[in-house]
Amino acid sequence: MAAEKVSLAYGQGLVALAEKATNGGADFPLAGSKKVLKELAASLTEAAGSSDTATAKAVKAVAASATKAAKEPADPIAEFDNDPKATKARTAIDTGCEALGVDTAIGFE
């Protein structure tokens, strides 16, 4: 399933960022953080396609949040992680996927 692939790619991107982090792992490289979020947004948008299901709408909401966070000048990953709309949408995605037997980490739980 597309959501599963997106989740895996995002997780791998975060791991790669963590390997390059400074300040004891707390500070991810800015350019890399923005790139990971832009890639996440593009992948989610593609996965949702033109569907208008509740899960697809949640996927599109997370994509919009990732796009917005990628523009954050200081800490785009934190901006994305702490966006309440994105958190609600990620939970909806996880719930929808779990109902279909698909394991995702979009909610990062």
At their closest point, which heavy atom of Val59 faces which heavy atom of Ala48, and how far apart are they? CG1-CB, 3.8 Å

Between Phe28 and Leu14, is a side-chain contact (heavy atoms from CB on, under 4.5 Å) present by the stated rule, with each step listed? CA-CA 9 Å; Phe28 286 2; Leu14 289 179; 4.1 Å; yes

Where at least one partner belongs to residues 44-55, residue pairs that pass side-chain hydrogen bond (donor to acceptor under 3.5 Å, both in side chains), sequence neighbours excluded: Ser51-Thr53

Pairing residues for Ala78 by the side chain to side chain contact (heavy atoms under 4.5 Å, CB included) criterion, not counting sequence neighbours: Asp75, Asn82

Taking only residues two or more places apart in sequence or in another chain, which ones pass side chain to side chain contact (heavy atoms under 4.5 Å, CB included) with Lys34? Leu30, Pro76

Does any part of the side chain of Asp81, heavy atoms only, come nearer than 4.5 Å to the side chain of Thr87, both counted from C-beta? no

Taking C-beta and beyond as the side chain, do Tyr10 and Leu37 meet within less than 4.5 Å on heavy atoms? yes

Ignoring hydrogens and angles, write down the donor-acceptor pairs under 3.5 Å from the side chains of residues 63-70, residues two or more places apart or on other chains.
from  : atom 1 : to    : atom 2 : distance (Å)
Ser65 : OG     : Asp83 : OD2    : 2.8
Thr67 : OG1    : Ala63 : O      : 3.0

Residue set satisfying side chain to side chain donor-acceptor pair (under 3.5 Å) with Lys35, at least two apart, ordered chain then number -> Glu39

Working for side-chain contact (heavy atoms from CB on, under 4.5 Å), residues Arg90 and Phe80: CA-CA 11 Å; Arg90 288 190 299 260; Phe80 177 66; 3.5 Å; yes

Atom pair OG (Ser33) and NZ (Lys20), whose distance is rounded to the nearest 0.5 Å: 10.5 Å

